[in-house]
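Have a look at the structure below, then the notes.
All values below come from the heavy atoms of this structure, side chains included, with hydrogens, waters and symmetry mates left out.
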Amino acid sequence: MTTLVRGTSDTLTRDALTVLQPGFVGTTPPDWLLRRIGEGLSSVGLFGRNIHTPEQLTALTARLRAEREDVLVAIDEEGGDVTRLEVRTGSSFPGNFALGVVDDTELTRAVAHELGRRLAECGVDLNWAPSADVNSNPDNPVIGVRSFGADPGLAARHTVAYIEGMQSAGVAACVKHFPGHGDTSVDSHLATPRIDVDLDTLHARELAPFRAAIAAGSKSVMSAHILLPALDPDRPATLSPRVLTGLLRQELGFEGLIVTDGMEMQAIASTYGIERGSVLAIAAGADAICVGGGLADEEIVLSLRDALVEAVRTGELPEERLADAAARVRALASWTQAHRARGAGSEPGAAVQEGTAPGTGIGLVAARRALRVTPGGEPYTPPGAAPYVASFAPVANIAVGDETPWGVAAELERLLPGTRTGSYGPEDAADDVLRAAGERRIVAVVRDAHRHAWMREALDGLLAARPDTVVVEMGLNQAPPRGALHIATHGAARVCGIAAAEAVAGA
């Protein structure tokens with residue numbers, strides 16, 4: 001057994017707790033979480049299950065800081081399809097893809113600042129966003145509209161604008177998923193994706209936004225559980241010293257906090273196990289272990305703490321590496337604490353715009369600008385009566401979740417009272433929609449139609465029977481425009497639904 005060089009066993013235990021970013025269940029902090037914060041836990045991750053209202057969230061974070069003033073409160077709030085603040089209603093902000101389509105970096109900066117302002121106002125100071133992935137594979141099942149786009153230069157400049165906007169509000173940005181999750185056909189929540197491209201391609205494409213993010217001063221970077229044989233043929237990036245230390249630290253010069261993606265994701269959990277994976281991640285160069293999306297109790301915190309302590313004691317994990325990781329967590333906590341103290345969200349010159357509060361204003365402006373409307377062969381006539389909305393719903397990926405509403409039905413009901421709706425899946429056909437719609441005008445809402453043959457077949461049947469059908473694409477707009485009116489929203493946030501409904505109704 002290795003003799004500890006630095007400090008006491010108590011110091012070692014505190015460092016092990018410091019590098020964890022766990023979640024919990026409920027809308028108030030449980031006693032076990034407060035107790036562990038008192039013992040050294042420095043970060044807490046929030047998810048949709050923890051948030052009911054802004055007032056409740058503010059009270060929650062205040063309770064955490066009553067236990068420890070410098071605790072980092074993190075959240076996975078990308079806006080767009082991935083929202084925790086507005087998990088039950090849909091986001092007031094369009095996601096990255098919509099912003100990339102507009103390609104106005106000032107707009108991206110303003111949206112990110114307003115989102116950051118709302119987070120800071122509620123006491124959240126670390127956002128696991130933005131996605132800096134270059135979505136070069138249009139069949140990617142997990143990134144898609146979470147990316148700014150398929151062009152590395154576009155993704156880089158909007159990643160920088162997002163970081164600047166978010167951090168000007170006093171909230172640390174966390175660019176993800178390093179070194180790039182865009183060219184994958186597997187969801188790392190379910191298995192280990194693999195990107196088989198050469199180093200030149202990785203540097204020119206995947207790494208371009210991360211290089212720009214580092215130059216822009218991003219406070220943190222999140223690793224991806226993906227295998228890139230050109231960098232390391234044996235270990236996924238999260239567990240690879242070559243990727244995290246060799247590439248990110250030494251070659252790219254990143255000095256901020258390296259956070260892992262969720263360690264309970266199957267790319268790690270089913271291959272290495274969460275405890276072993278966490279030890280390997282810290283040894284590889286990660287500084288913080290994100291866990292709690294699925295495993296959210298005291299037991300996982302204690303098992304990871306004990307695994308890290310034991311790895312130091314057996315010599316598998318150098319104590320200096322754990323101490324360095326803990327120091328980087330504390331350094332970020334100090335930065336966020338300083339920004340809270342001086343109210344960064346209202347600094348002079350911050351990227352605020354008229355009508356941004358309480359958040360819908362700038363988001364809706366952006367969603368409207370992202371809309372792309374293509375008329376069919378005849379001039380478009382809006383529905384004269386309440387239409388029927390047929391939503392073709394693929395299985396939601398785990399990052400997005402299936403609890404957040406999406407579509408245009410609720411917004412059309414507001415504009416055209418009496419609107420009816422139905423949801424359809426792979427087992428349904430056009431005839432089912434036609435029967436339910438009756439004489440009503442049909443609005444067909446799809447998401448990534450290019451990825452789902454059953455969705456395209458249903459559209460074929462609808463358009464053959466009812467050429468006046470309106471088609472709304474709320475995912476990646478890869479399929480050719482179809483219908484009497486084709487509306488591409490480039491995301492499924494609530495504001496994207498509002499903008500699409502306005503176009504359908506001719507408002």
| Contacts of Arg235 that satisfy side-chain hydrogen bond (donor to acceptor under 3.5 Å, both in side chains) - sequence neighbours left out | none
| Taking it one step at a time, do Glu310 and Glu316 satisfy side-chain contact (heavy atoms from CB on, under 4.5 Å)? | CA-CA 9 Å; Glu310 182 63 17; Glu316 182 181 11; over 6 Å; no
| said: Once you measure the plane-to-plane angle for His181 and His177, does it fall in the parallel (<30°), tilted (30-60°) or perpendicular (>60°) bin? | reply: perpendicular
| query | What residues form a side-chain hydrogen bond (donor to acceptor under 3.5 Å, both in side chains) with Asp306, not counting sequence neighbours? | reply | none
| task | Let me see the working for Ser147 and Asn135 under side-chain hydrogen bond (donor to acceptor under 3.5 Å, both in side chains), right down to the final yes or no. | result | CA-CA 6 Å; Ser147 163; Asn135 198 62; 5.2 Å; no
| remark: With Lys176 as partner, the option from Asp133, Asp76, Asp261 fulfilling side-chain hydrogen bond (donor to acceptor under 3.5 Å, both in side chains) is Asp76
| field | Heavy-atom check, side chain of Glu121 versus side chain of Thr58, under 4.5 Å | value | no
| query | Hey, are the side chains of Val243 and Leu228 touching, using non-hydrogen atoms and a 4.5 Å cut-off? | reply | no
| said: Using side-chain hydrogen bond (donor to acceptor under 3.5 Å, both in side chains), reason through Thr83 and Glu78 one step at a time and then give a plain yes or no. | reply: CA-CA 6 Å; Thr83 178; Glu78 299 177 15; over 6 Å; no
| Other residues, nucleotides, ligands: >12 heavy atoms within 6.0 Å of Glu69 CD | no
| Is there a side-chain contact between Ser136 and Glu206 (heavy atoms, below 4.5 Å)? | yes
| remark: So CD1 of Ile75 and CG of Leu126: to nearest 0.5 Å the spacing works out to 10.0 Å
| note | Interatomic distance, CZ@Arg14 vs CG@Leu41, rounded to 0.5 Å, equals 10.0 Å
| message | Ignoring hydrogens, what is the shortest heavy-atom contact between Cys290 and Val259? Give both atom names and the distance. | response | CB-CG1, 4.2 Å
| task | Working to the nearest 0.5 Å, report the span between CZ of Phe24 and CZ of Arg49. | result | 8.0 Å
| query | Could you give the distance from OG (Ser92) to CD1 (Ile362), rounded to the nearest 0.5 Å? | reply | 12.5 Å
| said: Can you confirm whether Ile195 sits close enough to Ile226 that some side-chain heavy atom of one is under 4.5 Å from a side-chain heavy atom of the other? | reply: yes
| message | Using 0.5 Å steps for rounding, measure from the CZ atom of Arg146 to the CG atom of Leu476. | response | 12.0 Å
| query | Just one of Asp15, Asp287, Asp70 clears the salt bridge (Lys or Arg N to Asp or Glu O under 4.0 Å) bar with Arg330, so which one? | reply | Asp15
| remark: For Ile498 and Arg414, the nearest pair of non-hydrogen atoms, with its separation, is CG2-NH2, 4.0 Å
| request: Using a 4.5 Å cut-off on heavy atoms from C-beta on, say whether the side chain of Leu247 contacts that of Leu207. | output: yes
| Evaluation steps, side-chain contact (heavy atoms from CB on, under 4.5 Å), between Ile214 and Leu248 | CA-CA 9 Å; Ile214 292 166; Leu248 184 52; 3.8 Å; yes
| said: Can you classify the ring geometry of His490 versus Phe97 as parallel (below 30°), tilted (30 to 60°) or perpendicular (above 60°)? | reply: perpendicular
